[in-house]
Amino acid sequence: MQEQYRTVAREGVHETEINRSRFICALAPAASEQEAQDFVARVRREHPTATHNCFAYVIGADAAVQRASDDGEPGGTAGAPMLQMLLRRETRYVAAVVTRYYGGVKLGAGGLIRAYGGVVGEALDALGTVTRQRFRIATVTVDHQRAGKLENDLRATGRAVRDVRYAEAVTIEVGLPGADVDAFRAWLADATAGTARLELGSEAYGAA
C-alpha cells in the first residue's frame, strides 16, 4: 500500500468562461469507482441541456483505476487532459466532471485540451487538497481506573483516537502510522504498567 495520497478537500464547483463557452468543473472525493460513477451521473442529471458533460476519475492510492470520457468532444481533447491534470497534481480517489455550454466559437483541438485540463487545475486550486496517511487500526483494552489518563495521554502525544467504548473494560481505538507500531507498543506498556492489551487490526487511510 502507498504510505499516503492526496485528494480534493471537499466537493465543489468552479466555473470559467473561454470564448463565450461556459466550462463548469465539478470535483468530488470518491472512495470507490461506484462513487465516482454515481457522482458523474448526478452532475449529468443537473446539466441535462449542456453541450457536453466530460469526466475523468482516479481511484486507488496507487491510481489503479483511471477512466475518462470525451462525451462527444473530438477524441482526446477533453477526458484525457482532465485525467492528466488529476494525475499531474497527484490526486487520488477523486472524480471530475467538466460541463460545457457551447458559446458559438470553436476552440480547436489545442484550445479544448487547454480548456478542459485548465479548468480542472483551477478547480483543484479553488477547492484545495488534503493528504491522507496510511495507518493501522489498533485497539487498546484497559481498566476503568487507567482509561481517562491514558486517553488524555494519547491525545496529548498527537495520536489519533478514533473511538472510545466503555463496558467491563474500556476499549480505545487508535490510528497508528505503520512505522509507529513497535514504539507505541513500548510506550503503552510503560504508560499502563503493562496492564493494557493491544490488538492490531486492518489498515486504512486517514487525515495526515
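In this chain, residues are counted from 1 in sequence order.
Not one N or O on the side chain of Arg136 forms a donor-acceptor pair closer than 3.5 Å with the backbone of Leu200. At least one donor-acceptor pair closer than 3.5 Å links the side chain of Gln66 to the backbone N or O of Ala63. Side-chain N or O atoms of Glu35 include one that pairs as donor or acceptor with a backbone N or O of Ala31 at under 3.5 Å. In this structure, the side chain of Asn53 engages the main chain of His47 through a donor-acceptor pair within 3.5 Å. No side-chain donor-acceptor contact under 3.5 Å links Thr141 to the backbone of Thr171.
Annotation: salt bridge (charged side-chain N to carboxylate O under 4.0 Å, His left out) contacts of Asp38 (sequence neighbours excluded): none. Residues satisfying the ring pair (Phe, Tyr, Trp, His ring centres under 6.0 Å) criterion with Tyr5, sequence neighbours excluded, are Tyr93, Tyr205. Taking the side chain to side chain contact (heavy atoms under 4.5 Å, CB included) definition, one finds that Thr49 meets it with Tyr101, sequence neighbours left out. When the ring pair (Phe, Tyr, Trp, His ring centres under 6.0 Å) test is applied to Phe184, the partners found at least two apart in sequence or on another chain are Trp187. Tyr102 is linked by a ring pair (Phe, Tyr, Trp, His ring centres under 6.0 Å) to nothing, counting only residues two or more places apart in sequence or in another chain.
The hydrophobic clustering, which links ILVMFWY residues whose side-chain heavy atoms are closer than 4.5 Å, places Val97 and Val120 apart. Both Met82 and Leu86 are part of a single hydrophobic cluster, where members link through side-chain heavy atoms under 4.5 Å apart. When hydrophobic clusters are built by joining Ile, Leu, Val, Met, Phe, Trp and Tyr residues whose side-chain heavy atoms come closer than 4.5 Å, directly or via intermediates, Leu150 is grouped together with Tyr166. Transitive grouping of hydrophobic side chains (ILVMFWY, heavy atoms separated by less than 4.5 Å) brings Phe55 and Val65 into a common cluster.
Put simply, the side chain of Leu154 reaches to within 4.5 Å of the side chain of Val174, judged on heavy atoms. Side-chain contact between Val140 and Leu188 is present, with at least one heavy-atom pair separated by less than 4.5 Å. Under the 4.5 Å side-chain criterion, counting only non-hydrogen atoms from C-beta, Arg44 is not in contact with Phe39. Side-chain contact between Thr91 and Val8: absent, with no pair of heavy atoms (C-beta onward) separated by less than 4.5 Å. The shortest side-chain heavy-atom distance between Thr99 and Val43 falls under the 4.5 Å cut-off. Looking at heavy atoms from C-beta onward, Asp153 lies out of side-chain contact with Arg155 at the 4.5 angstrom threshold. Looking at heavy atoms from C-beta onward, Ile24 lies out of side-chain contact with Val98 at the 4.5 angstrom threshold. Side chains of Ile18 and Phe23 form a contact here, defined as non-hydrogen atoms less than 4.5 Å apart.
The nearest pair of heavy atoms linking Gly79 to Asp70 is N-OD1, 2.8 Å. Of all heavy-atom pairs spanning Arg67 and Glu33, the tightest one is NE-OE2, 3.4 Å. Taking every heavy atom of both residues into account, Ile59 and Ser32 meet most closely at CD1-O, 3.6 Å. The shortest heavy-atom contact between Arg10 and Ala126 is NH2-O, 4.2 Å. Here the closest non-hydrogen pair linking Ala68 and Ala80 is CB-N, 4.2 Å. In this structure, Ile113 and Gly76 approach most closely via the heavy-atom pair CG1-O, 3.9 Å.
Atom CG of Leu112 sits about 4.5 Å away from atom OG1 of Thr77, to the nearest 0.5 Å. A distance of 5.5 Å separates CG of Asp143 from CZ of Arg146, quoted to the nearest 0.5 Å. Taking CZ of Arg6 as the reference point, atom CZ of Arg92 lies at 9.0 Å (rounded to 0.5 Å).
No hydrogens or angles considered: a donor-acceptor pair under 3.5 Å links the side chains of Ser21 and Arg100.
A salt bridge is defined here as a Lys NZ or Arg NE, NH1 or NH2 lying under 4.0 Å from an Asp or Glu carboxylate O, and Asp163 with Arg165 meets this definition. Taking 4.0 Å as the cut-off between side-chain N and carboxylate O, Glu199 and Arg197 count as a salt-bridged pair.
Annotation for Arg42: atom CZ counts as buried by contact number, over 12 foreign heavy atoms lying within 6.0 Å.
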Given salt bridge (Lys or Arg N to Asp or Glu O under 4.0 Å), test Asp180 with Arg159 step by step and report yes or no.
CA-CA 10 Å; Asp180 194 27; Arg159 293 186 167 94; 3.6 Å; yes

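For residues 116-127, the set of pairs meeting the side-chain hydrogen bond (donor to acceptor under 3.5 Å, both in side chains) definition, not counting sequence neighbours, comprises His14-Glu122, Glu73-Tyr116, Arg89-Asp125.
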